[in-house]
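In listed order, ligands and their atoms are each counted from 1.
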Amino acid sequence: MFINGEWILREDLEVINPYNLGTIGHIPSLSRNEAKEGISICQEHKTIMKELSPSKKYGILMNIAKKIQSNKEKIARIISLDAGKPIRQSIIEVDRTIGTFKLAAFYAKEFRGETLPLEDGIIITKREPVGLIGAITPFNFPLNLVAHKVAPAIAAGNAVVLHPSSKAPMASIELTKIIEEVLKSKGIPLGVFNVLTGKGAVVGDEIVKNENINMVSFTGSVEVGESITKNAGFKKITLELGGNNPAIVLKDCNLNNAIKSIVKGKFLNAGQVCISVGRVLIEEEIKDKFIKGVIEEIKKLKVGDPLNKNTDVGPLITKDSADRVEELINQSIEEGGKLLYGGEREGNIIYPTILEVDSENILSKVEVFGPVLPIIKVGSVEEAIYQSNNTKYGLHAGVFTNDINKAFRIASELEYGGVLINNSPTFRVDNMPFGGVKKSGMGREGVKYAIEEMSEIKTIILRNINIP
Ligand code: NAP
């Protein structure tokens with residue numbers, strides 16, 4: 001829909017407000033041929049990006065950050081309308097996005113290699129962009145997760161084709177307008193950044209299969225991620241996928257901290273966060289006290305209109321998502337899960353819900369992606385570690401204990417990309433390496449680490465020279 005500096009403005013797909021189900025806009029649904037054309041134009045422009053100086057890339061990225069800053073309220077409102085995210089959380093997302101672009105600006109000047117000594121010379125490595133990045137993004141952080149691909153791609157000197165989620169495309173369209181202005185102001189041809197809206201099964205699939213794409217950078221579900229591993233052919237891929245993230249709560253922990261951190265981590269964005277708390281594994285002796293504390297904490301959460309600044313929990317992204325989460329709650333109860341709190345639904349809103357379940361229950365096994373907290377009692381630390389690892393996922397895990405030796409032992413035994421000590425799994429800052437193991441993904445984001453993924457090392461060997 002933004003190809004070679006031209007906006008395609010067809011009204012093929014409706015964009016729905018998940019809270020009141022009103023229409024907030026339309027986007028074109030590009031055909032496979034249109035997607036091919038967008039990719040081919042970008043490929044023709046990729047050397048322009050490679051040749052940009054570090055200070056030019058710095059200038060582009062800093063100017064994008066500044067323009068996001070001056071449109072902060074407007075963009076936050078768009079995220080809330082489009083993705084149903086409570087406005088205070090949308091503002092945090094916009095702030096983080098500004099930081100992501102600023103970090104990339106810094107690293108654009110730090111895009112460097114190293115040297116190795118030789119008997120008769122020196123080896124120099126330099127980093128070079130991979131070329132054309134195909135970025136495919138999900139709905140749940142519709143601005144910052146786009147930034148986590150576009151900003152490092154620019155810092156490393158790559159051209160980008162972006163396919164934003166059609167469930168929440170509006171924030172990325174605002175970002176595209178900003179990038180258009182900045183590129184124009186710097187005299188850079190606009191074909192270096194093309195945005196292809198439409199159905200993931202068509203446009204996303206073309207990005208994955210197209211031979212002009214040098215690297216696919218994907219964030220989304222395990223199912224689509226797995227299909228990418230089969231369809232991408234001979235190109236680099238990074239995958240940031242789903243999780244069923246355990247929070248292990250041990251009897252020697254600060255229980256109050258565990259309660260507050262887990263409730264905050266579970267109900268952020270109505271549980272639609274890849275590092276949301278998937279399940280609590282708690283030592284039996286403290287379970288009842290924990291449940292009482294969690295219920296008290298949940299009662300403080302305000303559920304409702306994402307545009308209301310007091311709202312903590314908004315709707316799920318679509319009716320299908322709410323139907324799915326409601327069905328999971330019902331199935332869990334049929335399998336013996338005990339409903340402890342919540343369970344109600346209103347439109348796309350699922351009220352905060354907690355259940356006590358066993359490790360065979362459906363809620364122990366899947367990524368719920370909704371405001372539902374399954375609590376599972378365990379008899380020992382070993383059982384908590386075993387249950388944590390007994391899953392196809394491996395994104396983040398949290399461990400609550402006041403014994404630092406125990407915490408480090410557990411951290412090293414957990415098969416996860418990140419382990420949080422005395423925090424729920426729901427924590428990320430934008431400069432840290434971020435990603436999963438097992439089916440939660442491959443490769444790392446976090447600006448510096450994404451720049452490494454989006455570049456190749458070239459080794460230049462100098463011989464027959466005398467370097468003392
Ligand atoms: P999704 O359904 O997998 O969609 C993600 C993106 O893939 C969308 O842009 C989608 O396009 C596109 N897509 C769909 N089918 C495709 C195909 N066959 N080929 C290529 N692209 C295709 O995920 P979602 O529902 O938006 O997001 C939720 C999931 O993302 C959860 O599992 C969550 O855990 C995960 N996630 C992971 C991270 C992380 O960093 N690890 C962060 C956020 C979210 P359309 O929607 O336009 O069809």
Side-chain angles (χ1 to χ4, degrees), residues 1 12-16 18 27-30 32 35 82-83 85 93 134-149 161-170 172 195-210 213 216-232 237-245 268-278 316-318 320-321 324-325 366-370 392-396 416-418 425-428 430 432-446 449-450:
M1 58 122 32
D12 301 332
L13 294 179
E14 224 181 347
V15 183
I16 308 276
I27 53 168
S29 183
L30 300 189
R32 193 170 282 272
D82 193 16
K85 183 172 286 189
E93 180 171 351
I136 304 175
T137 53
F139 75 85
N140 62 333
F141 285 83
L143 188 68
N144 196 31
L145 291 182
V146 172
H148 266 287
K149 303 193 183 303
V161 289
L162 167 69
H163 169 69
S165 165
S166 45
K167 289 181 215 149
M170 295 313 212
S172 62
V195 180
L196 311 176
T197 56
K199 299 198 172 111
V202 177
V203 175
D205 185 64
E206 182 55 39
I207 291 174
V208 169
K209 291 178 178 160
N210 194 295
I213 299 280
V216 174
S217 173
F218 174 79
T219 302
S221 60
V222 171
E223 292 68 31
V224 176
E226 252 188 317
S227 77
I228 290 173
T229 63
K230 294 177 185 125
N231 294 332
I237 54 174
T238 55
L239 303 172
E240 300 286 343
L241 310 177
N244 180 9
N245 312 292
L268 183 76
N269 201 24
Q272 300 167 113
V273 179
C274 57
I275 46 175
S276 187
V277 183
L316 296 188
I317 187 70
T318 58
D320 283 354
S321 304
R324 177 184 162 274
V325 172
V366 298
E367 179 186 47
V368 177
F369 231 55
K392 66 180 178 183
Y393 298 106
L395 193 49
H396 268 194
Y416 282 80
T426 322
F427 176 86
R428 178 180 187 184
D430 296 291
M432 76 184 210
F434 181 77
V437 298
K438 293 157 84 176
K439 290 209 168 166
S440 287
M442 48 206 243
R444 290 290 176 270
E445 289 198 341
Y449 307 93

S.K.: Against ligand 1, does G435 come closer than 4.0 Å with any heavy atom?
M.R.: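 The answer is no: ligand 1 sits nowhere under 4.0 Å from a heavy atom of G435.
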
S.K.: Quick one: does S165 get a heavy atom under 4.0 Å from ligand 1?
M.R.: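 True for this residue.
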
S.K.: To which protein heavy atom is atom 36 (N) of ligand 1 closest, and what is the distance rounded to 0.1 Å?
M.R.: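 Going atom by atom, the protein heavy atom closest to atom 36 (N) of ligand 1 ends up being C274 CB, 3.6 Å.
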
S.K.: Of all the non-hydrogen atoms in the protein, which one sits nearest to atom 17 (C) of ligand 1, and at what distance?
M.R.: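 Looking at atom 17 (C) of ligand 1, the protein heavy atom closest to it is G200 O, 3.5 Å.
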
S.K.: Looking only at non-hydrogen atoms, which of N140, V208, T318 approaches atom 43 (C) of ligand 1 most closely?
M.R.: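 Nearest heavy atom to atom 43 (C) of ligand 1 lies in N140.
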
S.K.: Can you see which heavy atom on V161 is nearest to which on I213, and at what distance?
M.R.: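 In this case the closest contact between V161 and I213 is CG2-CD1, 3.5 Å.
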
S.K.: Among protein heavy atoms, which lies nearest atom 28 (C) of ligand 1, and at what distance?
M.R.: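 Sorting protein heavy atoms by distance from atom 28 (C) of ligand 1 puts F369 CE2, 3.5 Å first.
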
S.K.: Examine the side chains of N144 and D430 and answer whether a donor and an acceptor come within less than 3.5 Å of each other.
M.R.: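 On atom types as modelled, these side chains qualify, holding a pair under 3.5 Å.
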
S.K.: When you measure from atom 2 (O) of ligand 1 to every protein heavy atom, which one gives the shortest distance, and what is it?
M.R.: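 Scanning the protein heavy atoms, the shortest distance from atom 2 (O) of ligand 1 goes to K167 NZ, 3.9 Å.
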
S.K.: What are the two closest non-hydrogen atoms of E93 and P142, and how far apart are they?
M.R.: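 Result for this residue pair: OE2-N, 3.3 Å.
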
S.K.: Are F141 and ligand 1 in contact, using a heavy-atom cut-off of under 4.0 Å?
M.R.: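 The answer is no: ligand 1 sits nowhere under 4.0 Å from a heavy atom of F141.
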
S.K.: Specify the closest pair of heavy atoms between T197 and P164, including all atoms of both residues, with the distance to one decimal.
M.R.: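 Of all heavy-atom pairs spanning T197 and P164, the closest is CG2-CG, 4.2 Å.
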
S.K.: N/O of S440 under 3.5 Å from N/O of ligand 1, yes or no?
M.R.: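 No, since none of the N or O atoms of S440 sits under 3.5 Å from an N or O of ligand 1.
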
S.K.: Considering only non-hydrogen protein atoms, determine which one is nearest to atom 3 (O) of ligand 1 and report residue, atom name and distance to 0.1 Å.
M.R.: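 Atom 3 (O) of ligand 1 sits closest to the protein heavy atom S221 OG, 2.6 Å.
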
S.K.: Under 3.5 Å, is there a donor-acceptor pair linking the side chains of K167 and S321?
M.R.: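 S321 and K167 do not have a side-chain donor-acceptor pair below 3.5 Å.
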
S.K.: Between F139 and K85, is there a cation-pi geometry (under 6.0 Å to ring centre, at most 45° from the normal)?
M.R.: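 Relative to the ring axis of F139, which defines the angle, K85 lies outside at least one limit.
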
S.K.: Among H163, R32, K199, whose side chain to side chain donor-acceptor pair (under 3.5 Å) with D205 holds?
M.R.: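 Of the listed options, the one satisfying the test is R32.
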
S.K.: Please classify the E445 to ligand 1 contact at 4.0 Å (heavy-atom distances, strictly less than): side chain, backbone, both or neither.
M.R.: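 The answer is neither; E445 stays 4.0 Å or more away.
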
S.K.: How close do P169 and S172 get, heavy atom to heavy atom, and via which atoms?
M.R.: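 Nearest pair, atom of P169 first, then S172: O-OG, 2.8 Å.
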
S.K.: In Å, rounded to the nearest 0.5 Å, how long is the span from NZ of K230 to NZ of K209?
M.R.: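 So the NZ of K230 and the NZ of K209 are separated by 12.5 Å.
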
S.K.: Which atoms of ligand 1 have any heavy atom of L145 under 4.0 Å away?
M.R.: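 Reading through ligand 1 atom by atom, the close ones are 42 (C), 43 (C).
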
S.K.: Show me which atoms of ligand 1 lie under 4.0 Å from any heavy atom of D205.
M.R.: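 Every atom of ligand 1 under 4.0 Å from some heavy atom of D205: 19 (N), 20 (C).
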
S.K.: Could you go through F369 and N140, starting from their C-alpha distance and side-chain angles, then the distance that decides it, and tell me whether this counts as side-chain contact (heavy atoms from CB on, under 4.5 Å)?
M.R.: CA-CA 10 Å; F369 231 55; N140 62 333; 3.5 Å; yes

S.K.: Could you tell me, atom by atom, which parts of ligand 1 come under 4.0 Å of a heavy atom of G242?
M.R.: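 Ligand 1 atoms under the 4.0 Å threshold to G242: 32 (O), 34 (O).
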
S.K.: Looking only at non-hydrogen atoms, find the nearest pair between T219 and P138 and report the distance.
M.R.: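 Heavy-atom minimum between the residues: O-CD, 3.3 Å.
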
S.K.: So for ligand 1, is S166 a polar contact partner (N or O within less than 3.5 Å, distance only)?
M.R.: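 Yes; the residue has a nitrogen or oxygen that sits under 3.5 Å from a nitrogen or oxygen of the ligand.
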
S.K.: Around atom 9 (O) of ligand 1, find the nearest protein heavy atom and jot down its residue, atom name and distance.
M.R.: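 I find the closest protein heavy atom is T137 O, 2.7 Å.
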
S.K.: In the protein, what heavy atom is nearest to atom 35 (C) of ligand 1, and what distance, to one decimal place, separates them?
M.R.: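 The closest heavy atom on the protein side is G220 O, 3.1 Å.
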
S.K.: Which residue supplies the protein heavy atom nearest to atom 12 (C) of ligand 1, what is that atom called, and how far is it?
M.R.: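 Result: I136 CG2, 3.7 Å.
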
S.K.: Tell me whether atom 32 (O) of ligand 1 lies less than 4.0 Å from at least one protein heavy-atom position.
M.R.: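 Given the 4.0 Å cut-off, atom 32 (O) of ligand 1 counts as touching protein heavy atoms.
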
S.K.: Which of the atoms of ligand 1 are close to G198, meaning less than 4.0 Å from one of its heavy atoms?
M.R.: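 With G198 as reference, the close atoms of ligand 1 come out as 47 (O).
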
S.K.: Do R428's NZ or CZ and the ring of F434 fall within the cation-pi criteria of under 6.0 Å and 45°?
M.R.: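 Output yes; distance and angle both within limits.
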
